[in-house]
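To start, the structure under review is shown below, and the notes come after it.
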Number of protein chains: 2
Amino acid sequence: MLDPVASTRREELLAIAAALFAEKGYRSTTVRDIADAAGILSGSLYHHFDSKESMLDEILRSFQDELFAAYADVLASDDDARTKLERVVRLSFQAIDQHPAEVAIFQNDAAYLGAFDRFAYLAERADQSRGIWLGLLREGVATGVLRPDIDIDLVHRFIRDTVWVAVRWYRPGGELTHSDVADQYLTILLEGIAHA
Amino acid sequence: MLDPVASTRREELLAIAAALFAEKGYRSTTVRDIADAAGILSGSLYHHFDSKESMLDEILRSFQDELFAAYADVLASDDDARTKLERVVRLSFQAIDQHPAEVAIFQNDAAYLGAFDRFAYLAERADQSRGIWLGLLREGVATGVLRPDIDIDLVHRFIRDTVWVAVRWYRPGGELTHSDVADQYLTILLEGIAHA
DNA sequence: GTCTATATCGCGATAGAC
DNA sequence: GTCTATCGCGATATAGAC
């Protein structure tokens with residue numbers, strides 16, 4: 001990126017596309033929708049991008065790279081399993097706050113996109129994420145900070161789903177911060193809602 | 001329904017359509033997809049149904065009616081709040097087991113469909129469901145069976161999302177029954193995963 | 001109840017002018 | 001960098017034969 005200003009228009013268009021993909025779904029968003037929102041004609045988009053698919057690819061790749069780099073930082077620390085688990089949860093809610101469109105696209109369209117070679121990396125990232133969670137949960141049980149009678153696989157799916165699905169209702173800049181949501185969620189997850 | 005046999009073909013076609021809508025999304029499923037899966041040509045579908053939209057409408061309406069009738073039974077009982085809460089959770093996982101396609105369609109396409117007058121009842125049902133959950137949670141806090149320091153609205157969203165999103169990975173007839181999943185989920189929700 | 005044939009529309013993408 | 005103009009395709013839906 002020798003000249004960041006030169007890529008401004010390109011990034012602007014990607015942001016517009018991401019918002020539309022998130023709102024209407026990738027397949028239901030037309031290149032004309034994107035062009036309309038950008039105030040240009042559909043043909044003009046092809047000056048910037050090869051195809052609609054390329055736009056999506058660029059959006060998802062840069063987000064995933066950023067997210068997994070952040071995960072790697074947590075895992076490289078020498079915190080205990082429970083702390084790492086909390087940090088990964090917080091990181092995820094932060095990602096929803098900072099990149100709601102990217103998360104929504106991933107939530108809504110990843111299953112469909114995974115079938116294409118071009119988006120095979122989405123499945124790889126999902127596997128990688130699963131490995132991270134299962135590792136932390138196993139470590140938590142082994143070191144005695146988590147209950148021994150839980151089904152690790154099931155807990156993983158519940159955590160993953162509940163965290164990411166929050167993108168459907170969480171609004172950046174709203175009353176609740178991502179940190180508030182993470183606090184409440186970790187309380188429920190770790191201690192439950194039943195009165196002691 | 002004077003002659004249930006006469007409607008068999010119709011219901012067969014609706015089941016085929018529901019499975020495809022669930023798998024690929026409503027908008028991405030073509031009437032030709034449905035006709036192909038049924039072994040007929042696309043034009044022939046219009047002998048049975050007005051439109052693709054009518055098919056979806058019929059699928060969603062009958063499912064929602066059945067589900068909310070079941071909720072009403074639980075609410076009409078004189079169980080305490082915690083028991084009712086558990087029963088509603090179990091009922092929901094049972095719905096995923098028995099009507100996975102309908103649940104998946106609702107999960108994936110309701111936000112988009114809600115914008116159409118024809119599907120306005122989806123939003124009404126969502127409100128009704130919210131009312132049920134909030135009522136039970138409030139009652140639970142008031143009667144001391146739930147922690148007083150939880151954010152009722154947030155807990156509602158977590159429960160709703162986690163329960164229904166399970167349709168993405170739960171497989172009817174698989175190793176885990178819907179009852180197993182409900183057991184584990186209620187344990188996590190009520191007691192948490194942290195070691196005491 | 002399904003077929004053949006087709007109308008009409010909107011899609012992603014392209015070529016070349018400005 | 002955006003425009004005009006358009007291609008080829010596949011979408012929903014329809015009309016009438018069998």
Side-chain angles (χ1 to χ4, degrees), chain A residues 1-60 105 108-109 112-113 115-119, chain B residues 1-60 105 108-109 112-113 115-119:
Chain A
M1 210 69 83
L2 290 176
D3 183 358
V5 177
S7 66
T8 297
R9 181 59 171 157
R10 185 184 178 79
E11 279 162 22
E12 206 175 293
L13 292 171
L14 283 178
I16 290 168
L20 287 169
F21 290 159
E23 186 195 325
K24 308 160 59 106
Y26 171 69
R27 284 163 291 178
S28 302
T29 302
T30 71
V31 297
R32 285 177 173 88
D33 287 337
I34 301 168
D36 282 355
I40 58 176
L41 292 189
S42 64
S44 306
L45 271 181
Y46 290 83
H47 173 72
H48 303 276
F49 306 97
D50 278 356
S51 65
K52 177 179 153 184
E53 210 176 274
S54 296
M55 299 187 78
L56 178 62
D57 193 34
E58 210 165 316
I59 290 164
L60 291 178
I105 296 166
N108 298 328
D109 293 316
Y112 159 75
L113 295 169
F116 300 97
D117 286 349
R118 176 161 199 180
F119 293 102
Chain B
M1 210 69 84
L2 290 176
D3 183 358
V5 177
S7 67
T8 296
R9 180 59 169 157
R10 188 183 177 79
E11 282 163 20
E12 206 176 295
L13 292 171
L14 284 178
I16 290 168
L20 287 169
F21 289 159
E23 187 195 324
K24 308 160 59 106
Y26 170 70
R27 285 163 289 179
S28 303
T29 302
T30 70
V31 297
R32 288 203 256 266
D33 287 337
I34 301 169
D36 283 355
I40 59 177
L41 292 190
S42 65
S44 306
L45 270 182
Y46 290 83
H47 172 73
H48 302 276
F49 305 97
D50 277 357
S51 65
K52 177 178 150 183
E53 211 176 272
S54 296
M55 299 187 76
L56 179 63
D57 194 33
E58 210 165 316
I59 290 163
L60 291 178
I105 296 166
N108 298 329
D109 294 315
Y112 159 74
L113 294 169
F116 299 97
D117 286 349
R118 176 162 198 178
F119 293 103

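The sequence lines fix the lettering, A, B, ..., with proteins before strands; numbering per chain opens at 1.
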Taken to the nearest whole Å, CG/A:L41 to P/C:dA15 is 18 Å
Any A:Y46 side-chain N or O less than 4.0 Å from OP1/OP2 of C:dA13: yes
Do any side-chain nitrogens or oxygens of A:H47 fall under 4.0 Å of OP1 or OP2 in D:dG1? yes
CG (B:L56) and CZ (B:F119) are apart, to the nearest 0.5 Å, by 4.0 Å
On the six-membered ring of B:F21, is B:K52 placed so that its NZ or CZ lies under 6.0 angstrom from the centre and within 45° of the ring axis? no
For B:T29, answer base if it contacts any base atom (sugar-phosphate contacts may also be present), sugar-phosphate if it contacts only those atoms, and nothing otherwise; contact means non-hydrogen atoms under 4.0 Å. sugar-phosphate
Reckon B:R32 has a side-chain N or O less than 4.0 Å from the OP1 or OP2 of D:dA11? yes
Could you check which of C:dG1, C:dG12, D:dT12 has an atom nearest any side-chain atom of B:V31? D:dT12
Nucleotide C:dG12, atom C1' - distance to CG of A:L20 in whole Å: 16 Å
Between B:S28 and A:R27, do the side chains contain an N or O donor and an N or O acceptor separated by less than 3.5 Å? yes
Can you check the B:I34 CD1 to D:dA13 P distance for me, whole Å? 10 Å
Give A:S28 one of three labels, base, sugar-phosphate or nothing, depending on what nucleic acid heavy atoms sit under 4.0 Å from its own. nothing
What nucleic acid atoms does A:I40 come within less than 4.0 Å of, heavy atoms only: base, sugar-phosphate, or nothing? sugar-phosphate
Compare side-chain N and O positions of B:R9 against OP1 and OP2 of C:dT2 and report whether any pair is under 4.0 Å apart. yes
From CG of B:D33 over to P of D:dA11, roughly how many Å is that when rounded to an integer? 7 Å
In whole Å, what is the span from the CE atom of A:M55 to the C1' atom of C:dG12? 13 Å
Would you kindly give the NZ-to-C1' distance between B:K52 and C:dG10, to the nearest whole Å? 13 Å
Interatomic distance where CG belongs to A:D36 and P belongs to D:dT2 [whole Å]: 14 Å
Separation of B:E58 CD from B:F49 CZ (nearest 0.5 Å): 5.5 Å
For C:dC3, does either OP1 or OP2 sit under 4.0 Å from a side-chain N or O belonging to B:S44? yes
Whole angstrom is fine here: how far is it from CG in A:L56 over to P in C:dA13? 12 Å
Check A:A37 against A:I16 and note the closest heavy-atom contact, atom names and distance. CB-CG2, 3.6 Å
